[in-house]
Amino acid sequence: SCRMNSTVSCHRKVAETYFKLGMWDKTAQELSVVLRSQRDDPVVYGMLGVALFQMGNRQQALAIFQEGLSYAKDHAASAQLYRNIGTMYFQVKEFDQAALAFQKAISHQWNNAESHFGLALVYAGQNRFEDARQSLKTALGINPNHEGARQLLAKVEEILANQTVGVAVRAQGVVSS
């Protein structure tokens with residue numbers, strides 16, 4: 001698509017379009033062209049890392065995210081890359097690594113609801129429902145309209161209520177025996 005106008009800007013725009021369409025191999029091809037001359041943009045590394053992960057290249061994706069961190073000039077850029085890393089680890093159920101990445105994202109940008117929501121998903125995956133509830137309440141405090149956090153909080157509250165009832169029933173059974 002950039003044969004007539006082979007500028008970095010053209011390749012980046014085409015890559016962004018492919019990214020939105022989920023065409024991961026074409027996204028990676030275009031972003032590789034961009035990185036040849038524009039190596040210092042953490043957003044490009046973030047998109048390329050996501051594309052590589054979606055293509056099944058987890059180790060390469062992680063290396064790209066980490067390389068992007070070296071070019072992140074502000075907390076928001078670092079936080080986004082750590083969220084990408086956390087999401088990647090969450091999707092492959094490596095919850096401890098995912099939690100560390102989301103915690104790093106939060107340390108760089110506390111007021112981002114997505115980082116707290118990601119951490120809550122990890123906690124729920126680890127059956128740490130009280131921690132999940134706390135992270136979800138924080139996410140909703142930052143963004144009261146976060147639908148995913150609202151839905152997950154309702155599920156977590158239900159699980160915690162059922163756990164409390166179960167403990168009370170078991171305790172009652174012990175007492176009456």
Side-chain angles (χ1 to χ4, degrees), residues 12 15-32 34-35 39 41-72 74-140 142-143 146-160 162-163:
R12 185 179 177 135
E16 288 169 356
T17 301
Y18 285 144
F19 187 89
K20 289 175 186 164
L21 295 171
M23 299 172 73
W24 307 119
D25 56 335
K26 293 195 179 292
T27 300
Q29 287 172 355
E30 294 295 330
L31 290 175
S32 294
V34 172
L35 282 177
R39 297 205 55 87
D41 187 345
V43 173
V44 173
Y45 286 92
M47 286 193 306
L48 180 56
V50 169
L52 291 168
F53 176 71
Q54 293 297 335
M55 293 166 57
N57 300 329
R58 193 173 95 196
Q59 290 306 99
Q60 199 176 355
L62 183 59
I64 289 293
F65 289 141
Q66 289 172 334
E67 188 174 345
L69 284 167
S70 68
Y71 296 108
D74 59 36
H75 289 297
S78 296
Q80 179 60 56
L81 288 162
Y82 281 119
R83 273 193 303 281
N84 289 345
I85 293 168
T87 299
M88 182 186 78
Y89 280 127
F90 175 77
Q91 288 180 353
V92 297
K93 295 183 175 19
E94 290 186 24
F95 296 131
D96 291 340
Q97 292 288 0
L100 287 173
F102 283 118
Q103 288 163 350
K104 284 182 181 178
I106 290 166
S107 75
H108 281 276
Q109 189 183 36
W110 188 90
N111 65 341
N112 185 291
E114 289 303 318
S115 298
H116 294 280
F117 178 64
L119 186 57
L121 287 169
V122 171
Y123 287 151
Q126 294 174 315
N127 296 322
R128 293 172 55 186
F129 297 110
E130 196 58 56
D131 292 330
R133 174 168 48 190
Q134 209 50 50
S135 289
L136 290 165
K137 286 183 174 185
T138 302
L140 287 167
I142 295 165
N143 178 3
H146 194 295
E147 197 54 40
R150 187 172 304 160
Q151 290 174 4
L152 184 57
L153 181 59
K155 290 177 186 172
V156 166
E157 296 279 5
E158 185 180 326
I159 290 167
L160 288 169
N162 288 339
Q163 284 180 347

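Residue numbers start at 1 and run along the sequence shown. Not measured: the values here are computed from a predicted model.
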Minimum side-chain heavy-atom gap Leu69-Ser78 below 4.5 Å: yes
Sequence-distant partners of Ala76, side chain to side chain contact (heavy atoms under 4.5 Å, CB included), two or more places apart: Asp74, Gln109
Pair Glu16 + Arg12, salt bridge at N-O below 4.0 Å: yes
Residue list, side chain to side chain contact (heavy atoms under 4.5 Å, CB included) with Asn127, at least two apart or on another chain: Phe129
Residue pairs involving residues 119-138 (criterion salt bridge (charged side-chain N to carboxylate O under 4.0 Å, His left out); sequence neighbours excluded): Arg128-Asp131, Glu130-Arg133, Arg133-Glu157
Tyr123: partners by ring-ring contact (aromatic ring centres under 6.0 Å, His included), with sequence neighbours left out: none
Qualifying residues under ring-ring contact (aromatic ring centres under 6.0 Å, His included), relative to His108, sequence neighbours excluded: His75, Tyr82
Where Ile142 and Ala113 come nearest, the two heavy atoms and their spacing: CG2-N, 3.9 Å
Contacts of Asn57 that satisfy side chain to side chain contact (heavy atoms under 4.5 Å, CB included) - sequence neighbours left out: Leu52, Met55, Gln60
Which residues share a side chain to side chain contact (heavy atoms under 4.5 Å, CB included) with Glu147, sequence neighbours left out: Arg150, Gln151
Donor-acceptor pairs under 3.5 angstrom involving side-chain atoms of residues 43-50: please list them, not counting sequence neighbours.
unit_1 : atom_1 : unit_2 : atom_2 : d
Tyr45  : OH     : Arg39  : O      : 2.8
Tyr45  : OH     : Glu67  : OE2    : 3.3

Side-chain (Thr138) to main-chain (Gln134) donor-acceptor, under 3.5 angstrom: yes
Thr87/Phe102 under side chain to side chain contact (heavy atoms under 4.5 Å, CB included): CA gap, chis, key distance, verdict: CA-CA 8 Å; Thr87 299; Phe102 283 118; 3.7 Å; yes
Salt bridge (charged side-chain N to carboxylate O under 4.0 Å, His left out): pairs with one or both residues in residues 100-115, sequence neighbours excluded: none
Test side chain to side chain contact (heavy atoms under 4.5 Å, CB included) applied to Arg83 and Asn112, step by step: CA-CA 10 Å; Arg83 273 193 303 281; Asn112 185 291; 3.4 Å; yes
For Phe53, ring-ring contact (aromatic ring centres under 6.0 Å, His included) partners two or more places apart: none
Distance in Å, Ile85 CD1 paired with Phe65 CZ, rounded so as to fall on 0.5 Å steps: 6.5 Å
Would you list the atom pairs, donor with acceptor, under 3.5 Å between side chains in residues 92-101 and any protein atom, with sequence neighbours excluded?
unit_1 : atom_1 : unit_2 : atom_2 : d
Glu94  : OE2    : Arg58  : NH1    : 3.2
Glu94  : OE2    : Arg58  : NH2    : 2.8
Asp96  : OD1    : Gln126 : NE2    : 2.9

Over all atoms of both residues, closest heavy-atom pair of Gly68 and Leu81: C-CD1, 3.4 Å
Set of side-chain hydrogen bond (donor to acceptor under 3.5 Å, both in side chains) partners for Ser135, sequence neighbours left out: none
Stepwise ring-ring contact (aromatic ring centres under 6.0 Å, His included) test for Trp24 and Tyr18: CA-CA 7 Å; Trp24 307 119; Tyr18 285 144; over 10 Å; no
Donor-acceptor side-chain pairing of Asp25 and Gln29 below 3.5 angstrom: no
